There are 2 protein chains.
Amino acid sequence: MDHNIPDPSVRRLSAYLRQLERLAGEGTRHVSSRQLAGYIKAGDAQVRRDLALFGQFGRRGVGYEVDDLINVLRTILGTRQRQWPVVVVGAGEICHALLTYRGFRQRGFDVVAAFDIDPKKIGRTIGGVDVLPMEDCAPVIQRLEVRLAILAVPADAADETARRLCECGIEGILNFATTGLEVPEGVFVSEADITSHLEQLSFRLTSHRP
Amino acid sequence: MDHNIPDPSVRRLSAYLRQLERLAGEGTRHVSSRQLAGYIKAGDAQVRRDLALFGQFGRRGVGYEVDDLINVLRTILGTRQRQWPVVVVGAGEICHALLTYRGFRQRGFDVVAAFDIDPKKIGRTIGGVDVLPMEDCAPVIQRLEVRLAILAVPADAADETARRLCECGIEGILNFATTGLEVPEGVFVSEADITSHLEQLSFRLTSHRP
DNA sequence: GTCCGTTTGTGATAAATTTCACGATCAGGG
DNA sequence: CCCTGATCGTGAAATTTATCACAAACGGAC
């Protein structure tokens, strides 16, 4: 089992997990690769291949057991054994939305603190999470062994803030800023810029014939 | 010039545009494919290939003119000629964050209305945008010729709401819900589920050796 | 116990995407 | 004017990713 798992496969694994959780909620016990493929835009062989990257989890002639597969996928994605502590940097509107969203915990993520440089925001508590001064980020990250950060600061502060987070030992950044980040080797960035998402859509709705 | 532009290329085009806008802001006039590639994780040939899918925009020995390339990319992505009206469905925290974000307009998107079913939310104005009852979505979408929607409702309402939007003529949905959507042929969906993004990161930080 | 319809796992194949490598073009300097 | 260093555009090659297709395995019916 090697390290070179393609990004698209990992994205699909998340998507499978979403569907399986829904099926489990509805009481469904078994599911086939064909069904699972139907929910997202993919073929059944694709589903089996994605899973085959990590082992054999189904039974021929039967399919997959929903609960089993949920556990398998959580293990693969790293959210089964542990709860990941996460910090949010930048206590603006996005931060507010993140801190009041109750769904992270049950999916393996736990927002433990928010940071900002604005004294007016520092000291507040949003959704049970304290907004702390940016200076405190290093000790908090180290003490709580935080490896993931969500970056929700204005574009012009993003790169500098990211650099600082990496110095504190952050290894994965979910980036809501519009800027691309420059991070050291070994730090992963996932881009969540909403405008880019909208551009994907406007591109597809725009005719590209000469 | 055909229709089969790979998704990864479109994502990178957005990323190039982000960098170019930054460079323009700093007063930079010219940029090479190598520089542009340096900002995102890619090779210089990759940059040139992506652009070559649509034409020839550089000058050999010189590189690309920043302003020109910005216009080219906006044209390609569909945000140069027109301003895209967008509706947000679900007036929760995410909606609040979207409506108070001032950056959409300058990138070609214009949130024209928000919808909700909760009477307590209807009638408010957030960031200059009115929250309207869900019943009004069909006439508003048709009158303003809205083709893009941002879906920010709870997971259990997502699929039904998406179906309804498609009936109103929506052709592209940016989906913040955790559920995968089932949409008719010809409707594009871009997934923005934050948990999935975090899972991408936790996967990469999790060791995958036997 | 055997047959039948179903579904997985996977080798082989096909398709898509990325990288390589080089000729063509350009600006600047001597 | 011609040489030099830089850079694009792109055919060809390499690599990665997705699909096909079929043997193996399973449950249920009879």
Side-chain angles (χ1 to χ4, degrees), chain A residues 1-16 19-20 23 28-70 72-73 76 200 203-204 208 210, chain B residues 1-16 19-20 23 28-70 72-73 76 200 203-204 208 210:
Chain A
M1 201 167 309
D2 66 65
H3 262 232
N4 296 43
I5 309 297
D7 259 19
S9 289
V10 185
R11 267 195 287 278
R12 285 192 298 269
L13 292 174
S14 268
Y16 302 149
Q19 296 303 326
L20 288 164
L23 290 173
T28 307
R29 310 294 285 270
H30 295 93
V31 67
S32 71
S33 57
R34 176 188 291 262
Q35 284 178 272
L36 220 33
Y39 298 127
I40 71 177
K41 174 204 134 78
D44 53 351
Q46 182 74 81
V47 175
R48 298 196 297 275
R49 265 286 184 242
D50 286 335
L51 296 173
L53 293 167
F54 300 93
Q56 307 184 179
F57 310 110
R59 281 166 68 201
R60 302 179 183 212
V62 181
Y64 302 89
E65 222 239 296
V66 172
D67 290 341
D68 275 1
L69 199 50
I70 286 176
V72 164
L73 286 174
I76 291 171
Q200 308 302 306
F203 173 83
R204 297 296 174 188
H208 295 286
Chain B
M1 201 165 308
D2 65 67
H3 260 234
N4 295 42
I5 308 296
D7 260 17
S9 290
V10 186
R11 269 195 287 276
R12 284 191 299 268
L13 292 174
S14 268
Y16 303 148
Q19 297 303 326
L20 288 164
L23 291 172
T28 306
R29 310 293 286 271
H30 295 94
V31 68
S32 70
S33 57
R34 176 189 291 262
Q35 284 176 273
L36 220 34
Y39 298 127
I40 70 177
K41 174 203 134 73
D44 52 353
Q46 180 74 84
V47 176
R48 298 196 296 275
R49 264 287 182 240
D50 286 335
L51 296 173
L53 292 167
F54 300 93
Q56 306 183 176
F57 310 110
R59 282 167 66 201
R60 303 177 182 212
V62 182
Y64 303 89
E65 223 238 297
V66 172
D67 290 340
D68 275 1
L69 198 49
I70 286 176
V72 165
L73 287 175
I76 291 171
Q200 307 302 307
F203 174 82
R204 296 297 174 188
H208 295 286

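By convention in this document, chain letters (A, B, ...) are assigned in the order of the sequence lines, proteins followed by strands, and residues within each chain are numbered from 1. The structure displayed is predicted, hence computed values, not measured ones.
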message: Any heavy-atom pair between the side chains of A:Val66 and A:His30 that's under 4.5 Å?
response: no
Side chain to side chain contact (heavy atoms under 4.5 Å, CB included) between B:Leu73 and B:Leu51: does it pass, once the steps are laid out? CA-CA 9 Å; B:Leu73 287 175; B:Leu51 296 173; 4.0 Å; yes
Footprint ends on DNA chain D, 5' to 3', for atoms under 4.0 angstrom from a heavy atom of chain A, come out as D:dT17 to D:dG27
Are any of the side-chain heavy atoms of B:Arg204 and A:Val10 separated by less than 4.5 Å? yes
To the nearest angstrom, the CD-C1' distance between A:Gln56 and C:dG11 comes to 14 Å
Side-chain heavy atoms of A:Leu20 within contact of A:Asp67, under 4.5 Å | no
- prompt: Would you call A:Arg12-A:Asp7 a salt bridge at under 4.0 Å N-O?
  reply: no
For nucleotides 24-30 of chain C, 5' to 3', base contacts (B), sugar-phosphate-only contacts (S) and non-contacts (-) with protein non-hydrogen atoms under 4.0 Å give BBBS---
Contact check, residues 38-51 of chain A vs DNA chain C, heavy-atom distance under 4.0 Å, returns A:Arg48, A:Arg49
- Give the intermediate values and the outcome of side chain to side chain contact (heavy atoms under 4.5 Å, CB included) for residues B:Tyr64 and B:Ile70. CA-CA 10 Å; B:Tyr64 303 89; B:Ile70 286 176; over 6 Å; no
Within the structure provided, determine whether B:Ile5 and B:Asp50 are in side-chain contact (heavy-atom separation under 4.5 Å). no
In this structure, CD1 of B:Ile76 is separated from CG of B:Leu69 (nearest 0.5 Å) by 8.0 Å
> Where the side chain of A:Gln35 meets the backbone of A:Ser32, is there a donor-acceptor pair that is under 3.5 Å apart?
Replying inline: yes
B:Asn4 CG to C:dA14 C1', in whole Å, measures 16 Å
B:Leu53 CG to C:dT17 P, in whole Å, measures 10 Å
A:Gln35 CD to C:dT6 C1', in whole Å, measures 12 Å
Taken to the nearest 0.5 Å, the spacing of B:Lys41 NZ from B:Gln46 CD works out to 10.5 Å
